[in-house]
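Comments concern the structure below.
Just so you know, these numbers use all the heavy atoms, side chains as well, and skip hydrogens, waters and symmetry mates.
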Amino acid sequence: MAHPVPAHQNDPQAPETSPGSPASPGQRLQLRRPDDWHVHLRDGAMLQAVVGATARQFARAIVMPNLTPAVTTVAAASAYRQRILSALDPEAAVAFQPLMTAYLTETLDPGELVRGQAEGVFTAAKLYPAGATTNSAAGVRDLAAIAPVLETMERIGLPLLVHGEVTDPAIDIFDREAVFLERQLVPLLARYPGLKVVLEHITTAEAAAFVAEAGPQLAATITPHHLHINRNSLFAGGLRPDFYCLPIAKRERHRLALRRAATSGDPSFSLAPIPPPTGARPRKPPAAAPASTTRPSRLKAMRPFSSRKGP
């Protein structure tokens with residue numbers, strides 16, 4: 001499964017080029033307008049500030065639901081979609097399609113997902129392990145608690161989007177994705193073999209290899225951010241909070257593995273941007289919040305990887 005929804009085809013006459021194939025001198029390459037398979041648009045003033053950058057570059061975008069309060073109902077998703085479109089000028093609003101997702105909680109009624117999909121509101125549902133990232137406190141602590149939801153999603157073909165990190169404080173922050181694969185993802189895929197799963201913003205060689213070998217049930221998104229930096233970048237010339245995001249950047253070997261996956265031509269891997277900040281921060285925050293964004297230039301950020309494979 002390359003994407004939660006079929007690939008955009010707004011220009012069927014556009015010439016095809018294979019990954020890693022440079023243009024010949026004088027050759028003009030026409031790129032189809034891409035889709036963004038993982039975007040945080042936030043809400044309020046932040047939504048107003050960032051949505052235009054997404055709509056200018058992408059035809060469709062899968063919108064994350066981790067607002068406060070979280071998007072857990074069809075009504076909330078419909079209202080959020082309208083706020084997104086209202087934040088754009090009329091021409092951009094016509095050309096851009098936000099694809100809405102549901103935030104999974106341990107009390108969510110499976111029927112809400114059935115209704116949301118049937119009404120064309122929910123494209124997918126998002127699993128946040130509670131405490132894993134921004135606005136995830138209402139997320140899931142025990143996958144067994146959402147078994148009826150996962151069974152329903154498998155039955156109706158609604159994709160599950162996963163923030164793939166464990167939240168056990170005994171696990172080193174740099175190991176939380178790899179441990180999630182072993183403890184959570186492997187049993188999940190075995191228990192629900194018909195469930196479509198997207199492992200989001202992967203950061204490790206282990207995740208890239210797992211997705212490449214897993215078959216059509218599983219796909220992944222990769223951020224430009226994690227293709228450009230490794231964990232040393234957080235400390236280059238001093239502490240660099242602008243490079244701090246979750247999942248956190250890993251060792252250089254992981255960055256190179258992600259670059260190979262992103263340029264492999266394997267349709268299991270798709271583009272995901274880095275989210276914007278969550279909003280205004282206090283003048284003297286108690287700790288730096290994870291927030292780094294490539295939104296205004298995410299396609300340019302991919303340019304170095306478009307004409308070569310490997311490191």
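Legend: residues meeting side chain to side chain donor-acceptor pair (under 3.5 Å) with Glu206, ordered by chain and number and at least two apart, are Arg253. Partners of Asn232 according to the side chain to side chain donor-acceptor pair (under 3.5 Å) rule, which considers only residues two or more places apart in sequence or in another chain, do not exist here. Listed by chain and number, the residues in a salt bridge (Lys or Arg N to Asp or Glu O under 4.0 Å) with Arg240 are Asp242 (sequence neighbours excluded). Residues satisfying the side chain to side chain donor-acceptor pair (under 3.5 Å) test with Asn230, not counting sequence neighbours, are Glu252. The salt bridge (Lys or Arg N to Asp or Glu O under 4.0 Å) search around Glu200 returns Lys126, not counting sequence neighbours. In this structure, Arg155 has no side chain to side chain donor-acceptor pair (under 3.5 Å) partners at least two apart in sequence or on a different chain. Applying the salt bridge (Lys or Arg N to Asp or Glu O under 4.0 Å) rule to Arg141 yields no partners; only residues at least two apart in sequence or on another chain are considered.
Closest non-hydrogen pair, Thr167 versus Ala130, comes out as CG2-O, 3.4 Å.
Applying the side chain to side chain donor-acceptor pair (under 3.5 Å) test to pairs two or more places apart or on separate chains, those with a residue in residues 91-106 are Thr105-Thr107. Residue pairs that meet the ring-ring contact (aromatic ring centres under 6.0 Å, His included) test with at least one member in residues 142-184, sequence neighbours left out, are His163-His201. Among pairs with a residue in residues 217-226, none fulfils salt bridge (charged side-chain N to carboxylate O under 4.0 Å, His left out), at least two apart in sequence or across chains. Applying the side chain to side chain donor-acceptor pair (under 3.5 Å) test to every pair with at least one member in residues 182-195, sequence neighbours left out, gives no pairs at all.
Phe58 is not listed as a side-chain neighbour of Val39, based on a closest heavy-atom distance of 4.5 Å or more. Side-chain atoms of Thr204 and Arg251, non-hydrogen and from C-beta on, never get closer than 4.5 Å to each other.
In this structure, Leu246 CG and Thr133 OG1 are separated by 4.5 Å, a value rounded to the nearest 0.5 Å. To the nearest 0.5 angstrom, Met64 atom CE is 13.5 Å from Asn135 atom CG. The distance from the CZ atom of Phe269 to the OG1 atom of Thr221 is 10.5 Å, given to the nearest 0.5 Å. Of the inter-residue distances, the one linking Lys250 atom NZ with Asp175 atom CG reads 8.5 Å to the nearest 0.5 angstrom. From Thr134, atom OG1 reaches atom NE2 of His40 across 7.5 Å, with rounding to the nearest 0.5 Å. Atom CG of residue Leu218 and atom CD of residue Glu213 lie 11.0 Å apart, to the nearest 0.5 angstrom.
When only modelled atom types and interatomic distance are considered, Tyr128 and Asn66 share a side-chain donor-acceptor pair under 3.5 Å. Looking at Glu177 and Thr203, their side chains do bring a donor and an acceptor atom within 3.5 Å of each other.
Under a hydrophobic-cluster definition in which Ile, Leu, Val, Met, Phe, Trp and Tyr are linked whenever side-chain heavy atoms come within less than 4.5 Å, directly or via other members, Val94 and Val51 are assigned to different clusters.
The existence of a salt bridge linking Asp43 and Arg83 is confirmed by a sub-4.0 Å separation between a basic side-chain nitrogen and an acidic carboxylate oxygen.
Around atom CZ of Arg231, more than 12 heavy atoms belonging to other residues, nucleotides or ligands sit under 6.0 Å away.
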**Q.** Leu160/Leu104 under side chain to side chain contact (heavy atoms under 4.5 Å, CB included): CA gap, chis, key distance, verdict
**A.** CA-CA 10 Å; Leu160 175 69; Leu104 296 185; 3.6 Å; yes
Less than 3.5 Å apart, which donor and acceptor atoms pair up between the side chains of residues 143-152 and the rest of the protein, not counting sequence neighbours?
{"unit_1": "Thr152", "atom_1": "OG1", "unit_2": "Pro148", "atom_2": "O", "d": "2.9"}

